[in-house]
Asks: 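After the structure tokens below, expect a handful of questions from me.
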Amino acid sequence: MDIFELIKHRRSIRKFDPTKAVDEKTVTKILEAAIWAPSAGNTQCWRFQVVRDPDLKKRLAVEAGHQPFINDAPVVIVVCADLDHVERSYGERGRFTYALQDTAAAIENMWLAVTALGLGCCWIGAFSEDEAARILGLPKNLRPVAMLPIGVPAEKPKPPPRRAIAEVTRYR
Ligand SMILES: Cc1cc2nc3c(=O)[nH]c(=O)nc-3n(C[C@H](O)[C@H](O)[C@H](O)COP(=O)(O)O)c2cc1C
């Protein structure tokens, strides 16, 4: 698949085959894609929690408003930003803006890598960051930005429609 096909082929997957595992080598490939994302001044403030523990996954799924497919995924990667790290270089702009931009770039890289590997995932943003941090025992400087449940897809959703380029673009 070329890059343009891959971008279009990527989908939010919310059903996983519970009988199929995702091994550590595969997780490492996904993390490798993440760390090659761009970041402000190459500060690389992303930090990753690789969660396989069934109890932790269950609690994260409840915290994300009972999105049970999080629990069904064999592995959930919680992408966090080290706010103190990026603030040291860029102050408030780092803490409030670059932290989210850097982690978002890493997340998209991971999602594309997941797709290229024939796996599925979904970007989960609807959860209480405080509660997720408590469940995972994160230090204060780590802000959990997104959860990525990853597994073998058990659905093939139709692509949701996109707004036309002309609707979202202004040429000046
Ligand atoms: C910042 C962000 C937060 C999201 N949060 C959730 C979520 O909590 N639960 C969910 O099922 N999907 C979530 N999604 C996935 C979107 O619903 C999905 O990307 C969108 O509907 C387009 O579908 P597609 O990913 O298949 O192209 C989120 C996506 C983004 C970028």
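Counting convention: from 1, in listed order, for ligands and their atoms alike.
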Asks: Could you tell me whether W111 and ligand 1 have an N or O pair separated by under 3.5 Å?
Replies: no
Asks: Which is closest to atom 12 (N) of ligand 1 in terms of heavy atoms, H9, K8, R14?
Replies: R14
Asks: Applying a heavy-atom cut-off of 4.0 Å, say which part of P157 lies close to ligand 1: side chain, backbone, both or neither.
Replies: neither
Asks: Same cluster or not: I107 versus V50, using hydrophobic residues (I, L, V, M, F, W, Y) connected whenever any side-chain heavy atoms lie under 4.5 Å apart?
Replies: yes
Asks: With distance as the sole criterion, is a donor-acceptor pair present between the side chains of D17 and T19 under 3.5 Å?
Replies: yes
Asks: Does ligand 1 have a heavy atom under 4.0 Å from the side chain of A126, from its backbone, from both, or from neither?
Replies: both
Asks: Where is the nearest protein heavy atom to atom 9 (N) of ligand 1: which residue, which atom, and how far?
Replies: Q67 OE1, 2.8 Å
Asks: Atom 18 (C) of ligand 1: which protein heavy atom is closest, and how many Å away?
Replies: S12 OG, 3.3 Å
Asks: Which residue holds the protein heavy atom closest to atom 23 (O) of ligand 1, what is that atom called, and what is the gap in Å?
Replies: P160 CG, 3.4 Å
Asks: Check side chain to side chain contact (heavy atoms under 4.5 Å, CB included) between E92 and all other residues, then give those that pass, not counting sequence neighbours.
Replies: F96
Asks: Mark up the atoms of ligand 1 that fall under 4.0 Å of a heavy atom belonging to C122, in ascending order.
Replies: 10 (C), 11 (O), 12 (N)
Asks: Are V51 and W46 in one and the same hydrophobic cluster, where Ile, Leu, Val, Met, Phe, Trp and Tyr link if side-chain heavy atoms are under 4.5 Å apart?
Replies: no
Asks: How are the rings of Y90 and Y98 set relative to one another: parallel (under 30°), tilted (30 to 60°) or perpendicular (over 60°)?
Replies: perpendicular
Asks: So for R162, does at least one of its heavy atoms come nearer than 4.0 angstrom to any atom of ligand 1?
Replies: yes
Asks: Is a side-chain N or O of R162 found less than 3.5 angstrom from the main chain of P160, in a donor-acceptor match?
Replies: yes
Asks: Within the distance-only criterion (no hydrogens, no angle test), does the side chain of S39 pair as donor or acceptor with the backbone N or O of Q44 below 3.5 angstrom?
Replies: yes
Asks: Which is closest to atom 4 (C) of ligand 1 in terms of heavy atoms, W123, F69, F127?
Replies: W123
Asks: Out of all atoms in ligand 1, which are within 4.0 Å of some heavy atom of R10? Include the element for each.
Replies: 24 (P), 25 (O), 27 (O)
Asks: Among all residues two or more places apart in sequence or in another chain, which pass the side chain to side chain donor-acceptor pair (under 3.5 Å) test with E108?
Replies: none
Asks: Using a 3.5 Å cut-off on N or O atoms only, is G125 in polar contact with ligand 1?
Replies: yes
